[in-house]
Novice: 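For reference, the structure I am asking about is given below.
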Amino acid sequence: MPEPGTTSPEIAPARPELIQGGMGVGVSGWRLARAVAVAGQRLGARVLGVVSGTGLPVMLVDRLQAGDQDVVRALKAFDPGIAREIMDKYLVEGPSPANLRRKLPPKPEVLVTGNEATKARMTKLAVAAAFVEIWLAKEGHSGPIGINLLEKVQLMHLPVLLGAMMAGVDYVLVGAGIPHQVPAVLANYARNEPASYRMDVAGADSKQLLTLDPRQFVPQGRRLRRPQFLLIASHHALAMRLAATVEVDGFVMEGPSAGGHNAPARGKTLAEDGQPIYGDRDRPDLAKVAELGKPFWLAGSYASPERITEAKALGAAGVQVGSAFALCNESGLREDIKRRLRQRIASESLEIKTSAMASPSSFPFQVVQLEGSLSEQCVYESRKRICNIGHLTQAYQKDEREGGGIGFRCPGEPIDAFVKKGGSRAETDGRVCLCNGLGAAAGYGNMTKSGAEPIIVTLGKDLGFYKGLPVHPDGSYSAEDVVRTILPRRESAAVS
Ligand SMILES: Cc1cc2nc3c(=O)[nH]c(=O)nc-3n(C[C@H](O)[C@H](O)[C@H](O)COP(=O)(O)O)c2cc1C
């Protein structure tokens with residue numbers, strides 16, 4: 001078998017009709033992405049399984065502490081020397097108590113603030129984590145696999161993209177920002193040349209240059225395949241801007257009902273219940289997107305055969321779907337949470353609200369209103385703020401009082417710490433620690449002294465997909481059920 005990441009450099013994968021959207025943290029892990037790709041092959045449908053690229057080192061070390069042998073196998077395929085280093089530090093063999101407090105990896109900020117040895121260790125961990133996730137998602141089939149990144153989480157882009165390419169990732173999909181630097185990174189890695197990324201630093205005159213030389217990991221002479229690069233955008237203006245300046249292979253046009261983060265509304269007034277109000281100005285002109293001559297997909301409430309037909313009538317190549325996959329058996333959401341959510345959907349008693357404040361990224365974020373979760377004010381207020389994962393931090397220029405240089409802060413961290421770092425108190429209002437809350441909902445919650453962290457859950461606003469699925473008596477269904485429902489055979493058979 002050819003080595004992953006080096007296969008058929010010139011052949012682009014077949015264009016998917018259905019993209020399973022990337023869902024962090026840990027909701028679209030390798031198991032879900034693989035199940036989608038395998039279902040596509042079994043059903044003869046063109047589908048793309050996508051792993052979330054957010055928080056991968058946290059999940060890698062957590063799984064190793066649970067003795068996960070899939071991860072061990074994938075790590076060994078990466079680089080036996082680096083695998084040994086990582087396993088020596090984190091692997092726990094044999095049974096361990098379920099409530100064992102887990103070690104965390106260093107925060108991504110050490111890539112800037114750490115000494116050379118720490119930077120090197122963190123880089124290896126992040127490259128390895130992305131390799132493992134893609135390698136496992138691609139194992140045993142030949143369907144395409146993508147990775148999803150949030151542009152705002154800039155610190156991790158270089159190592160995560162390298163690890164993903166080393167494992168042969170077919171698509172890179174980036175949202176939550178303007179990812180105009182990503183195509184050059186992909187091109188440089190494909191030539192096995194150093195890549196760089198200019199990271200935003202609040203309050204600084206210039207950006208911070210991050211660099212990574214792939215030759216530390218990829219032997220000379222080995223050529224990595226450049227994956228297709230898709231921009232996730234809400235508006236045609238961003239698609240046009242990116243297409244005019246860099247090499248982009250297509251667009252996922254995501255509307256405000258989609259799960260996860262959404263683009264801010266153009267009108268700044270909020271509804272009485274605090275939700276942003278989207279209007280005509282927020283709607284993309286799809287004719288303008290089509291004029292760019294690249295394929296595009298529609299996302300947000302498109303999980304049905306009727307909706308995919310509508311999308312195609314508008315010129316789309318297909319659709320991207322999140323929520324329907326988030327609740328299927330192979331998703332990484334905790335089983336007990338999935339069960340509760342499915343029951344509530346079946347009884348039509350689940351509400352999703354767009355919060356303008358919850359996400360430290362300051363993008364609107366869809367929050368499932370669920371008892372016992374951080375959507376409840378009392379749970380929110382009783383949580384002691386901590387920041388021990390640090391994937392959504394923002395770089396800032398430290399002032400003289402702090403000794404200068406670059407620091408990292410997050411409006412979801414303890415308020416005094418944030419204010420000491422020059423952040424404004426007002427910015428911390430209502431912010432939720434998404435690293436810990438989403439991680440806990442995916443089963444990565446045993447990372448604090450005080451035990452499990454409270455959860456937060458996100459889903460899209462349109463839950464109508466559930467009625468159309470062939471659910472089992474207990475309400476469960478598989479990724480293949482979703483694919484089969486959205487792409488009935490007659491649809492997929494009609495395409496080449
Ligand atoms: C649980 C969940 C997590 C998500 N996380 C991300 C993410 O990390 N990055 C991203 O680009 N989109 C994310 N999304 C959006 C999905 O990829 C997809 O575009 C969206 O859910 C489509 O709308 P739908 O939920 O109506 O199908 C998330 C969606 C859900 C439901």
Side-chain angles (χ1 to χ4, degrees), residues 9-19 21-22 46 48 50 53 144 146-154 157-158 160-161 164-165 169-191 195-200 207 225-256 258 260-266 278 280-300 302 308 310-320 322 363:
E10 291 80 22
I11 301 171
R15 185 179 293 172
E17 263 189 293
L18 171 61
I19 301 175
R46 283 185 288 124
L48 174 64
V50 178
I147 191 162
N148 171 275
L149 299 179
L150 302 174
E151 157 60 14
K152 280 223 164 177
V153 188
Q154 295 177 328
H157 291 343
L158 290 175
V160 166
L161 287 170
M165 281 178 70
V169 75
D170 301 287
Y171 282 83
V172 170
L173 303 92
V174 189
I178 308 173
H180 60 89
Q181 302 181 70
V182 169
V185 175
L186 304 181
N188 282 24
Y189 284 163
R191 291 192 299 267
S196 58
Y197 215 92
R198 291 182 178 282
M199 184 181 67
D200 302 322
K207 299 191 182 227
R225 176 159 45 89
R226 177 196 179 277
Q228 300 275 298
F229 166 59
L230 306 185
L231 165 74
I232 305 173
S234 65
H235 202 263
H236 57 269
L238 176 55
M240 289 164 71
R241 183 167 155 197
L242 210 78
T245 48
V246 297
E247 196 182 344
V248 50
D249 300 300
F251 309 95
V252 175
M253 303 304 298
E254 199 183 58
H261 286 98
N262 302 124
R266 283 185 157 62
Y278 291 91
D280 281 349
R281 284 190 301 150
D282 298 300
R283 231 160 266 142
D285 181 341
L286 294 179
K288 291 210 166 100
V289 178
E291 274 168 23
L292 297 173
K294 306 279 181 182
F296 65 91
W297 291 261
L298 299 185
Y302 279 93
I308 195 170
E310 274 174 45
K312 285 184 175 177
L314 294 168
V319 299
Q320 170 167 292
F363 282 106

Novice: With no hydrogens and no angle check, is any side-chain donor or acceptor of Trp297 less than 3.5 Å from a backbone partner on Ile232?
Specialist: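 No: the side chain of Trp297 does not pair with the backbone of Ile232.
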
Novice: Rounded to the nearest 0.5 Å, what's the gap from CZ on Arg266 to OG on Ser234? Could you check?
Specialist: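 Answer for the CZ-OG pair, Arg266 versus Ser234, is 6.0 Å.
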
Novice: Heavy atoms only: give me the nearest Tyr189-Ala195 pair and the separation to one decimal.
Specialist: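 Closest heavy-atom pair between Tyr189 and Ala195: CE2-CB, 3.6 Å.
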
Novice: Can you tell if the side chain of Tyr171 reaches within under 4.5 Å of the side chain of Ile147, non-hydrogen atoms only?
Specialist: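 No, their side chains stay 4.5 Å or more apart.
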
Novice: Carefully, step by step, assess Val248 and Leu292 under the rule side chain to side chain contact (heavy atoms under 4.5 Å, CB included).
Specialist: CA-CA 10 Å; Val248 50; Leu292 297 173; over 6 Å; no

Novice: Flag the pair Val252 / Leu173 as yes when at least one side-chain heavy-atom distance between them is below 4.5 Å, and no otherwise.
Specialist: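 Yes, side chains in contact.
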
Novice: Which distance, rounded to the nearest 0.5 Å, do you find between the CZ of Arg46 and the CZ of Arg15?
Specialist: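 Separation between the atoms: 8.0 Å.
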
Novice: How about Leu298 and Leu286: do any of their side-chain heavy atoms sit closer than 4.5 Å?
Specialist: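 When only atoms from C-beta onward are counted, Leu286 and Leu298 do touch, with a gap below 4.5 Å.
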
Novice: Take Lys207 and Met199 through the side chain to side chain contact (heavy atoms under 4.5 Å, CB included) test and state the conclusion after the steps.
Specialist: CA-CA 5 Å; Lys207 299 191 182 227; Met199 184 181 67; 5.8 Å; no

Novice: Under 6.0 Å from the CZ atom of Arg191, do we count more than 12 heavy atoms belonging to anything else shown?
Specialist: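 Correct, the count exceeds 12.
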
Novice: Could you grab the distance from atom CD1 of Ile308 to atom CG of Leu18, nearest 0.5 Å is fine?
Specialist: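 With rounding to 0.5 Å, CD1 (Ile308) is 6.0 Å from CG (Leu18).
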
Novice: Which pair of non-hydrogen atoms, one from Gly177 and one from Pro179, has the smallest distance, and what is that distance?
Specialist: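 Looking at all heavy atoms of both residues, the shortest contact is O-CD, 3.3 Å.
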
Novice: For a quick check under 3.5 Å, do Asn262 and Glu254 share a side-chain donor-acceptor pair by atom type?
Specialist: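 Looking only at side-chain atoms, Glu254 and Asn262 do not form any donor-acceptor pair under 3.5 Å.
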
Novice: Hey, are the side chains of Leu150 and Phe363 touching, using non-hydrogen atoms and a 4.5 Å cut-off?
Specialist: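 Answer no - side chains too far apart.
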
Novice: Drop me the distance from Leu230's CG to Gln320's CD, to the nearest 0.5 angstrom.
Specialist: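 Leu230 CG to Gln320 CD: 8.5 Å, rounded to 0.5 Å.
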
Novice: Output the distance between atom CE (Met253) and atom CG (Leu314), rounded to the nearest 0.5 Å.
Specialist: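 Separation between the atoms: 12.0 Å.
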
Novice: Checking the side chain of His157 only, and the main-chain atoms of Glu151 only, is there a donor and an acceptor separated by less than 3.5 Å?
Specialist: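 Such a contact is found between His157 side chain and Glu151 backbone.
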
Novice: So, the side chain of Asp282 versus the backbone of Ala265: is there a donor-acceptor pair under 3.5 Å, distance only?
Specialist: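 Answer holds: no.
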
Novice: In chain order, what residues pass the ring pair (Phe, Tyr, Trp, His ring centres under 6.0 Å) check against Phe229, with sequence neighbours excluded?
Specialist: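 Not a single residue meets the ring pair (Phe, Tyr, Trp, His ring centres under 6.0 Å) criterion with Phe229.
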
Novice: Check whether His236 reaches the backbone of Pro284 with its side chain - one donor and one acceptor, N or O, closer than 3.5 Å.
Specialist: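 Such a contact is absent between His236 side chain and Pro284 backbone.
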
Novice: What pair of heavy atoms forms the shortest contact from Gly318 to Ala311, and how long is it?
Specialist: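 Closest pair (atom of Gly318, atom of Ala311, distance): O-CB, 4.2 Å.
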
Novice: How would you list, by chain and number, every residue that makes a side-chain hydrogen bond (donor to acceptor under 3.5 Å, both in side chains) with Asp249, sequence neighbours excluded?
Specialist: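 If we apply the side-chain hydrogen bond (donor to acceptor under 3.5 Å, both in side chains) test to Asp249, skipping adjacent residues, the hits are Arg226.
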
Novice: Measuring from atom CG of Leu231 to atom CG of Leu238, what distance do you get when rounded to the nearest 0.5 angstrom?
Specialist: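 Leu231 CG to Leu238 CG: 5.0 Å, rounded to 0.5 Å.
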
Novice: Strictly distance-based, threshold 3.5 Å: is any side-chain N or O of Glu17 a donor or acceptor partner for the main-chain N or O of Val319?
Specialist: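 Checked: no pair found.
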
Novice: Is there side-chain contact between Leu149 and Leu161, with at least one heavy-atom pair below 4.5 Å?
Specialist: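 Touching, per the 4.5 Å side-chain cut-off.
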
Novice: Any donor-acceptor pair under 3.5 Å linking the side chain of Tyr197 with the backbone of Val185?
Specialist: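 Flag not set: sc Tyr197 to bb Val185 has no pair under 3.5 Å.
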
Novice: Within a strict 4.5 Å, meaning less than it, do heavy atoms of the Leu186 and Pro227 side chains meet?
Specialist: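 Contact flag for Leu186/Pro227 side chains = yes.
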
Novice: Between Asp170 and Arg225, is there a side-chain N and carboxylate O pair less than 4.0 Å apart?
Specialist: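 The answer is yes: the pair qualifies as a salt bridge.
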
